[in-house]
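Worksheet: one structure, shown below.
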Amino acid sequence: QAQLVESGGGLVQPGGSLRLSCAASGSIFSSYTMGWYRQGPGKQRELVAVITRGGITNYADSVKGRCTISRDNSKNTVYLQLNSLKAEDTAVYYCKAVRGNSLYWGQGTQVTVSS
């Protein structure tokens, strides 16, 4: 069964950048659609970005132009590059993998944007 482990979060100043990683176990990573979600304090979980197994991407309006999702199927890893970070980007970021009726979530990584 697939397992997802996020990393790369931390404390960054407004305007800074972070690159999050999500490493997937197993040999079927390349067939999954991958997404990044986030949940800020007192807020509901929301979609940040998604990338299909064919590399098609979509982004939430709140991060469009500041965010890039990518994947390296040879490493079973999906990335989220966050630039020009704002305080409202502060959240726990979660990785999700889905294929057909299979769905997996990572444990999350904290991103804090503060001066």
Atom pair [atom1]/[atom2] of [X] and [Y] - distance to nearest 0.5 Å:
X	Y	atom1	atom2	result
S17	L82	OG	CG	8.0 Å
C22	Y104	SG	OH	13.0 Å
I69	Q81	CD1	CD	12.0 Å
N73	Y32	CG	OH	13.0 Å
R38	R45	CZ	CZ	14.0 Å
Q110	L11	CD	CG	9.5 Å

Note to self: Tell me whether Y79 shares a hydrophobic cluster with L18, the cluster being built from Ile, Leu, Val, Met, Phe, Trp, Tyr side chains joined at under 4.5 Å.
What the structure shows: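 Y79 and L18: separate clusters.
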Please tell me whether V50 and V111 are part of a single hydrophobic cluster in this structure, the criterion being side-chain heavy atoms less than 4.5 Å apart.
no
Which pair of non-hydrogen atoms, one from [X] and one from [Y], has the smallest distance, and what is that distance?
X	Y	result
C95	M34	SG-CE, 3.6 Å
G108	V92	CA-CG1, 3.9 Å
C67	Y59	O-CE2, 3.4 Å

Test item: [X] side-chain N/O and [Y] main-chain N/O as donor-acceptor pair under 3.5 Å:
X	Y	answer
R99	S31	no
T109	G9	yes
T90	V113	yes
R71	T33	no
Y94	E6	no

Q) Do the charged groups of D89 and K86 touch, with an N to O distance under 4.0 Å? A) no
Tested for side chain to side chain contact (heavy atoms under 4.5 Å, CB included) against V63, the lone hit among N83, L80, L47, V48 is V48
Residues passing the ring pair (Phe, Tyr, Trp, His ring centres under 6.0 Å) test with Y37, sequence neighbours excluded, are W105
